[in-house]
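Some notes on the structure that comes next.
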Protein chains: 4
Amino acid sequence: MAATKPTPDASRRSEKSRRAIYAAALELVTEAGYARTTIEGIAARAGVGKQTIYRWWSSKADVLMEAYLDLADQTAEQTADQAADQAGADPAPGNYALPDTGDLAADLKLVLRATVDELLDPRFEVPSRALAAEGIADAAVGREVVAKLLEPSLQLYVQRLRAAQRAGDVRPDLDPRIALELFVSPLAQRWLQHTAPISYDYTDTLVDYALYGLAPR
Amino acid sequence: MAATKPTPDASRRSEKSRRAIYAAALELVTEAGYARTTIEGIAARAGVGKQTIYRWWSSKADVLMEAYLDLADQTAEQTADQAADQAGADPAPGNYALPDTGDLAADLKLVLRATVDELLDPRFEVPSRALAAEGIADAAVGREVVAKLLEPSLQLYVQRLRAAQRAGDVRPDLDPRIALELFVSPLAQRWLQHTAPISYDYTDTLVDYALYGLAPR
Amino acid sequence: MAATKPTPDASRRSEKSRRAIYAAALELVTEAGYARTTIEGIAARAGVGKQTIYRWWSSKADVLMEAYLDLADQTAEQTADQAADQAGADPAPGNYALPDTGDLAADLKLVLRATVDELLDPRFEVPSRALAAEGIADAAVGREVVAKLLEPSLQLYVQRLRAAQRAGDVRPDLDPRIALELFVSPLAQRWLQHTAPISYDYTDTLVDYALYGLAPR
Amino acid sequence: MAATKPTPDASRRSEKSRRAIYAAALELVTEAGYARTTIEGIAARAGVGKQTIYRWWSSKADVLMEAYLDLADQTAEQTADQAADQAGADPAPGNYALPDTGDLAADLKLVLRATVDELLDPRFEVPSRALAAEGIADAAVGREVVAKLLEPSLQLYVQRLRAAQRAGDVRPDLDPRIALELFVSPLAQRWLQHTAPISYDYTDTLVDYALYGLAPR
DNA sequence: TGATAACCGAGACGGTACGTCCTGTCTTGAG
DNA sequence: CTCAAGACAGGACGTACCGTCTCGGTTATCA
């Protein structure tokens, strides 16, 4: 509630500058990597004074976070528009739920395949990997990354697993927040740390292993 | 193998400086964090010329990597010595295998509980998290981190799971390298990204879920 | 004469703002020095928008110049009022002439002693020194300073010396504009450049040296 | 004596950088003026890191002061060399005394004419005016300017006037330090403040007025 | 008696320079 | 040759002001 700094007046903010800064930040991170991207460089590329960046963002990570969220929002909107063109009215912003066809394994495989696509799309990969790395190194950034990028997606899995529990497809006693990690975390770790390549086959296998366990039946 | 630079003469290297640099690097990373740790700072704290660092290491991450490996080796040696005092001669450096009591679930839970202890020990946590973050941001560092810190540990799980397959405790058709991720990666992600707290209960649960699957039997 | 910019309408100018800007400028210059006085600082102290300053003045030096002239006018008015209270009506603004008692040496010593007083009065010293310095550095400012602050005073000496020439107290062939510099410039230089302290004794000595020369008679 | 900062090691100082900085500072001040000359600009023009300037000098004025002193020394050396070529051995650095031909007026006029030449030489005029202005605005700089540039020259006049007093050409009771100001300060003020042009005629007149006084004989 | 045009406070904006910090290279003198 | 020490060219940091601009909000004539 309380203002800590001279509090800039958001209503007079330059929309043009904001968009130019987002674009410059994403371009530079993609071209040169996060470490070689500088506030000065973003300002220069965006044709903006440095102070305009420092006025509205607290750090390089903060700029990139918002730029990435903006990119994700716009992309989601486009995807939704295309889907709406095909399937009828659905003006909802944000993806609110995982598919539920009744076949849990198939639904999870579908979603994870889409995640693989996204993780391998260079427009998303470079900035989101940079944000993840910065979030690991800096706890404050980490909280933001988890709260705004990671946890919302994970909650969709929680909901889908709860539905599966109600349908009798998942043991009723287990914790969905832990269960989802069995197939999500392995993918995340392979992608983040390059421990091994990721593919549709791999995520399909993860779902099978997780649903039916490692021990023989 | 091949030397690219004027090749420093390793036989004349100052052992004292090397140890002082390791100590300074670990102290500074723990005190101030990786980002605020600088080569100049390490040199000053170690009472060493900057060139001595640049002569033997290629980057801040490289210094910290070796310092951390050295710390881990020394700690492992001490642990081994204590174990040897109790159980007889065992001069082997490095832990070569996971325990195999015949009870796979119990063995995995034991090892994961030890991992939790290590991940929460501040002497290890700060530098290894820094290395992980740097490894995500910088692919070259990432390869080193995976090859020297991560993969060796994972291979121990592969071996234990193969033994379990031979014993009939794990389905014979599944890939151990993927299987191990069901309980290792969730722990890794929670620790790396602070998505949720880690505990003995949590790792025990992971083992149960992974071995017996999410679907009802 | 001709206006180059959108020509502000002087009749609608805010008198309150003008006075607040003068006060703020003089205060800040006195407190912090000319270099650390900024347009933003003056605006903030005066509770005025920056544009109000840029609308009416062309530079920091310009603001200070007017503020100083205003201060000098007001002070002269007060002095004149006091004198008028004692000696009868004299509503004239500005001091029009040096005293002429018939004793040139005494008159000059009196005026120079008053000048010493003014040069050592902190309310005048700081801003006028700042203006002098800026006038030396910047030729445009210099012209203003000389025309508005310096030359008017010097002309009073010219007039008094001309009277002395007519009275036979000064050689008739010499140039009064040069002659006055013999006692005025030394005082100016000592004050401006702190080459040596200034005092009544010093200015008295200057008058004696200048009137009667260095060579023996 | 006591070191206040990490004290750079002067013996390892780069002579090349020092000379490049002097040259760049003088060039920029002459081309663009003191106010538009920046430390960054000097560093860039000299092909030098900014830190190299901040390591050895405390301010822009300090750089320019040393650069100007260096220029003056070198010029004096060249002049002395030329004089020595004509008149025999005279390896003395610095001009130690004013000429003394026995004719005080002639000697003073000669020296003041040389001063006029120097004050109008653009290589000297721009930087020395800048230093004078900065010295008026900033007391610390002012002390340096007076001690290193101004007072040494004035002391030469003191010596010449003392000799004249011994020779009976100047009244024995007067203070040479004040006396010299009668012809030096007017020239200084005209030059500094552009109150009027300076010329040989003008300085000749000053000497005459000062020696023989304003009052009729 | 509104309209309309200015000045006004406020402050965001594109820029420039500041003085500091650190990088990775190079140089010096001691061992 | 290594080493401690640290000067060097370079470049990014985050801050402070510059001078311009735009935004509502008062005035203060004119229609």
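Nothing here was measured: the structure is a model prediction, and the numbers come from that model. We name chains A, B, ... by the order of the sequence lines, and we start the count at 1 in each one.
The nucleotide whose nearest atom lies closest to any side-chain atom of B/Ser14 is, among F/dG19, F/dC3, E/dA5, F/dC3. Which of F/dG19, E/dG19, E/dC13 sits closest to the side chain of C/Tyr54 comes down to F/dG19. For B/Val48, the listed nucleotide lying nearest its side chain is F/dA4; candidates were E/dT25, E/dG9, F/dA4.
Look at B/Thr52 and you'll find a side-chain N or O under 4.0 angstrom from OP1 or OP2 of F/dA4. Look at A/Trp56 and you'll find a side-chain N or O under 4.0 angstrom from OP1 or OP2 of E/dC13.
Between B/Arg12 and A/Ala10, the residue anchored nearer the 5' end of DNA chain E, judged by the nucleotide with its closest heavy atom, is A/Ala10. Of the residues near DNA chain F, A/Ser58 and B/Ala46, the one whose nearest nucleotide (by heavy atom distance) lies more toward the 5' end is B/Ala46. Heavy-atom distances to DNA chain F give each of D/Gly49 and B/Arg13 a nearest nucleotide, and the one nearer the 5′ end belongs to B/Arg13.
Taking every heavy atom of both residues into account, A/Ala46 and A/Ala20 meet most closely at CB-O, 3.5 Å. Taking every heavy atom of both residues into account, D/Ser11 and D/Asp9 meet most closely at OG-OD1, 2.7 Å.
In the interface, the side chain of C/Gln51 is not paired with the base of E/dC8 through any donor and acceptor atom under 3.5 Å apart. Side-chain to base pairing of B/Arg55 with F/dT2: no donor and acceptor N or O lie closer than 3.5 Å to each other. If you check distances only, the side chain of A/Lys50 does reach the base of F/dG14 with a donor-acceptor pair under 3.5 Å.
The CG-P distance, from D/Asp62 to E/dC18, rounds to 15 Å in whole Å.
Judged by a 6.0 Å distance limit and a 45° cone about the ring axis, D/Arg18 is not positioned over the six-membered ring of D/Trp56.
Across residues 15-45 of chain C, C/Ser17 each have a non-hydrogen atom less than 4.0 Å from an atom of DNA chain E (numbered order).
Remark: side-chain polar atoms of B/Thr37 are paired, donor with acceptor, to backbone N or O of B/Gly33 under 3.5 angstrom.
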